[in-house]
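Remarks on the structure that follows.
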Amino acid sequence: MDWTTGHTSGEGSPEGGGAQPADLATDPRRDAALADLLTGSLDDRLYVLDAVTAALADVDRLQEQHDHTGRALGEASVRAHRDVEILTGRRLDWLAAEKAEGMWDLSGRVRTYTQHVARTHKMSFARASREVRLAERLCNDLPEAREAIRRGDLGVEQAALISSVAASSAARRAALRLPARGLSQGSDAEPSQPGEAADSTSTGTEAGAAGATGEASFDDDATAESVILHLASTGSFEDLRVVCKYFAALSDAESDERGYKEACEREFLDLAATTGGFHLSGFLTDEHGQLVKQALAALTPVPAADDTRTASQRRAQALADGAQLILNQGLAGKGQSVRPHMGVLISAPEFEHIVATSARHGWGGGDATSVRDSAIPDWARAADACDARPEFGRDLPPLRPGTGGLTNLKALENVDWHAILSQPPATWADGTGPVPPSVLRRIACGGEIYRIIFGPDSEVINVGRVHRRFTSAQRRAMIARDRHCTYPGCTAPPALCEGHHANVHWAAGGNTDLPNGALLCFYHHRFVDTRQIAMVWEGNQWVFYTADGDRIGPGP
């Protein structure tokens, strides 16, 4: 039954803000049966929506609070939020359809569809841009997320996170369509590790959580996107953020590393004198930001009861206190045998993988022979293998660097995405991450490793640590020999230098002793590690060579 006879929906114009709601008081549909309206045209269903919205909005707020408990109103908020999310999903479908049709503005007064949406919906251009972009991504690349929103199983903000992180490149969007348990893990597949009860024959889409890993059953059509949606339904928003970042790093590692390098190039810090003080501005990478964040947190105690300063004001004071502490105690002029404390949480298998494959990334001057042969996974022996992370004791297949991401798709076809994404990647101590592999390798260069063993109920049953840094006595001898940073042309004083395993990296079997130690300033220490630069003691001095074998700096 069509109740819209004589009631054509408005064409919508930028000036009028689009189609207007019906006049609920005079519209002939106000006496129609609800069932007839719900099975009528789109305009009939929108009329019902207008009527329900008006009814909820017209209730007296004070009377409503008198008639209902706060708990009941809170539950009403949850229901209304779910309905709004579902309606937003439908609205994004309509936006995608309108843009695809191309008839959204016949007046020619706006140039782009985003401008049209901003004007007709009375929203900012930035919000319109985000909504149009998400609408297209859901329509073209995230069909399962699109349906999950319509069912009320996924929030719009969650979908936006998946779109902007897990589907942020062509390689990642292609990987989202890969089978959830890999092409080779059919009904006859055996568990790849003793004690693993991987059931690949399970059917159905209902998730059955089992233990901390959140085991779930997936049918044959389930994809990596299905796994992400399942994890989105069982964890918090921040858990989903970590899962999406982890998936993005695994499915297109080259893009992540490129983004990290670009972030390093964008780093800056300006301290400019201005009226009444100094103006501080800058940008730091995640690694350096974590260092500064932890240092300021340590210098920012719980405020006293009469402390009315804001958190920003107390952080500013902490920054000044830190500088004063360093100057008053002479910390910058003494042997810095302890590195700055920056926490990273990493599983034992992944750390062993970082150690075993470190020489393949240029550690130890390219001397890969000093790594125990049994410690290197088979795929890592290839010269063109690059980073991949193991989970459950298994290694991911090799990814070839410099191939643009899409060519890695073949290597990822047999990955068990549920097994991998259900386990956390290496993160910073505050739970954010994942930590870029190049940063993990550099931290493993000389940081302190704390071993914590958990029991089945997550209780701590053993704690230990291993020191690999140079001792104070070794550092004093190193300073007497090297005098300053040993990189060609750099004369940074010892106070700004660290001890570097020069000939053979510690993780590659190198010793923590003077013949294998050299002073490098903070910057050149990172530069040498990330550029695969080799160091050799020749003619009573350290000589540096590029990865191609070319000598750096002036000759002898």
Side-chain angles (χ1 to χ4, degrees), residues 141-145 148 153-154 158-159 161-163 165-187 189 191-193 196-235 239-256 347 349-350 353 379 387-399 405-406 408-427 433-434:
D141 304 309
L142 297 169
E144 296 178 58
D153 296 335
L154 185 73
Q158 290 175 307
L161 176 62
I162 295 172
S163 171
V165 179
S168 56
S169 71
R172 289 162 181 166
R173 291 191 288 274
L176 284 170
R177 306 267 60 83
L178 292 174
R181 295 192 180 276
L183 294 177
S184 66
Q185 299 189 37
S187 59
S192 56
Q193 289 291 328
E196 283 188 18
D199 182 5
S200 299
T201 63
S202 300
T203 59
T205 58
E206 291 296 321
T213 60
E215 288 295 332
S217 299
F218 296 98
D219 58 24
D220 294 338
D221 296 329
T223 64
E225 183 183 356
S226 307
V227 175
I228 293 177
L229 294 178
H230 162 67
L231 296 174
S233 67
T234 59
D239 292 336
L240 177 61
R241 187 190 303 277
V242 173
V243 168
C244 288
K245 286 186 176 182
Y246 194 24
F247 173 83
L250 294 172
S251 58
D252 191 3
E254 184 175 333
S255 178
D256 257 21
S347 65
E350 186 170 2
H353 168 74
W379 65 263
D387 240 294
R389 294 178 175 176
E391 292 294 338
F392 300 102
R394 298 190 298 270
D395 289 315
L396 288 173
L399 304 179
L406 277 175
N408 294 334
L409 194 60
K410 185 72 174 177
L412 297 175
E413 286 182 345
N414 296 322
V415 171
D416 187 341
W417 290 109
H418 181 260
I420 291 177
L421 296 180
S422 296
Q423 294 297 307
T427 65

Shortest non-hydrogen contact from [X] toward [Y]:
X    : Y    : result
A145 : L229 : N-CD1, 3.7 Å
D239 : G235 : OD2-CA, 3.7 Å
S255 : R172 : CB-NH2, 3.8 Å
V227 : L421 : CG1-CD1, 4.4 Å
A232 : L154 : CB-CD1, 4.1 Å
A224 : W417 : CB-CD1, 3.6 Å

Check your understanding: Looking at side-chain heavy atoms only, is the closest gap between P179 and T223 below 4.5 Å?
Key ->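 Contact flag for P179/T223 side chains = no.
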
Review point. How long is the gap from SG on C244 to CD1 on I162, to the nearest 0.5 Å?
Key: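 If I round to the nearest 0.5 Å, the distance is 5.0 Å.
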
**Study point:** CG on L250 to NZ on K245, rounded to 0.5 Å
**Key:**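 Nearest 0.5 Å value for the NZ-CG distance: 14.0 Å.
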
Review point. Who pairs with S169 by side chain to side chain donor-acceptor pair (under 3.5 Å), at least two apart in sequence or on another chain?
Key: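 With sequence neighbours excluded, S169 shows a side chain to side chain donor-acceptor pair (under 3.5 Å) to D252, given in chain and number order.
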
Check your understanding: Which residues satisfy the side chain to side chain donor-acceptor pair (under 3.5 Å) test with R241, sequence neighbours excluded?
Key ->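 Side chain to side chain donor-acceptor pair (under 3.5 Å) list for R241, sorted by chain: E238.
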
Exercise for review: List for me each residue that meets side chain to side chain contact (heavy atoms under 4.5 Å, CB included) alongside S163, sequence neighbours excluded, and say none if there are none.
Suggested key: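 Residues passing side chain to side chain contact (heavy atoms under 4.5 Å, CB included) with S163: L134, R137, L142.
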
Practice item. Tell me, please, which residues at least two apart from A175 pass side chain to side chain contact (heavy atoms under 4.5 Å, CB included). Key: L178, F247, S251, L409

Practice item. Kindly state each residue pair satisfying salt bridge (charged side-chain N to carboxylate O under 4.0 Å, His left out) with at least one member in residues 221-233, sequence neighbours excluded. Key: R177-E225

Check your understanding: Backbone N or O of A167 within a donor-acceptor pair of the R173 side chain at under 3.5 Å?
Key -> yes

Review point. Which residues pass the salt bridge (charged side-chain N to carboxylate O under 4.0 Å, His left out) test with D153, sequence neighbours left out?
Key: R151

